[in-house]
Amino acid sequence: MDKLTMLSHISLFDELSKEELMTIDKMSEMRPVKKGTVIVSPDHPMEALFLLKQGQVRLYQMNEEGKQFTMDILVDGNIFGETGSVTLTDDQIYAEAMTDTYLCLLSHNDFENFIEANPKIALKLIDILSSRLKDFYSFSEKIALRDVKHRLLYLLLMLSEKTGHRKNNWQSIEMKLTHQDIAHMIGATRETTSTVLSQLKKEGFLKKVRYFSVDADKTKEYLGLP
DNA sequence: CCATTAACGAGCT
DNA sequence: AGCTCGTTAATGG
C-alpha cells in the first residue's frame, strides 16, 4: 500500500500475528496524548517502547539555534522509542504529536520479556532495523543535504503517503498546515517556503484542493525515488 | 541557493 | 488594536 518505507517507519502490526499483538496489547498501558505535546525529547528520554494506536507523530531533530528538521511522520501502527538494547529512534530526537493521539506504552522490561518469550520477534526487529538503515542511507543521500525544493517535495510526498489517499497521480494530504509549520519541518524560513510552494504549483508538482495534493509520480521521479 | 529584512494586505482574536 | 499568515522584493553571504 504505502511504498515509501522510511527510517523509523516500523509497522510491527503488519508483521506480528494476532496472538502476538494481543500479548503486547495486554502488557501495554494506553495513554491519550493531546495535539502538540512533545512526547520524547533529548531532555526527557523515555526508556520505553511506544505503539502508536491512533494519530500522527512527527519525529524531528533540532540544532542549537532551534531549527528543526523532520525525519519521519509516524501513523497508526508504527512503533518508536528506546529500550536500552534496542534503539528505535535516535537519542537526539524529538517526538511530537501532530494530532490528538493514542499511545500504548511498553516498558523496557516487558519488551525484553516479550522478546525472550518470542524469539521470532527479535528476527523481525533485525529486519526492521536493517531496512530502516537502508532507508536512512537513501534518505540522506537523496534528500537531507539538498535544497529546499527537494526537502519540501520530500516532506509533502511523505505526508501524503502517511495521511492521504491517491486518485490517479494525485495524492492528497489530509492535514491542516500553515506555511510556517511546513517551514519548521524542513528547516527553512516561512518566506522561502512560500516562494517554493508557489513555484511547485506552477510546475505542476502540487495543487491545492482542500489542503494539498502532490503529483506522486512526478515527485518521485524528480527526487529519484522508486 | 537561500536567509534576512522589510513591507503590505488579509484575516483572525 | 495587535498578531498570524501569505506574498513579494531587495540585499548579501
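Just so we're on the same page: letters track the sequence lines, and every chain starts at 1. Quick caveat, the model's predicted, so the values are computed rather than measured.
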- Message: I want to confirm an ordering. Mapping A:Arg190 and A:Thr193 to their closest nucleotides on DNA chain B, which one lands closer to the 5' end?
- Response: A:Thr193
- Taken to the nearest whole Å, CD1/A:Ile182 to C1'/C:dT4 is 15 Å
- Ionic contact status for A:Lys162 with A:Asp72, cut-off 4.0 Å: yes
- Query: Does A:Thr192 place a side-chain N or O at less than 4.0 Å from the phosphate oxygens OP1/OP2 of B:dA3?
  - Reply: yes
- Task: Apply side-chain hydrogen bond (donor to acceptor under 3.5 Å, both in side chains) to the pair A:Thr178 and A:Gln180, showing each step before the final yes or no.
- Result: CA-CA 5 Å; A:Thr178 66; A:Gln180 181 69 80; over 6 Å; no
- Query: When we call it a touch if two heavy atoms are under 4.0 Å apart, what does A:Ser194 touch: a base, just sugar-phosphate, or nothing?
  - Reply: base
- Note on the structure: Rounded to whole Å, the CG-C1' distance (A:Leu200 to C:dG6) equals 16 Å
- Measure from CG on A:Leu177 to P on C:dG6 and round the result to the nearest Å. 10 Å
- Sole residue of A:His184, A:Glu96, A:Arg58 in side chain to side chain donor-acceptor pair (under 3.5 Å) with A:Gln68: A:Arg58
- Message: I need the CD-P distance between A:Gln199 and C:dA9, as an integer number of Å.
- Response: 14 Å
- Residue A:Ser198, side-chain heavy atoms: nucleotide from C:dC5, C:dT8, B:dA3 that is nearest: C:dT8
- Value in whole Å for how far the P atom of C:dG6 lies from CD of A:Gln180: 9 Å
- Task: Report the distance from atom NE2 of A:His150 to atom P of B:dC2, rounded to the nearest whole Å.
- Result: 10 Å
- Message: Using whole Å, what does the distance between atom P of nucleotide B:dA6 and atom CD of A:Glu191 come to?
- Response: 12 Å
- Message: Could you tell me how far apart A:His179 (NE2) and B:dC2 (P) are, to the nearest whole angstrom?
- Response: 17 Å
- Does the side chain of A:Thr219 come within less than 4.5 Å of A:Leu156's, by heavy atoms? no
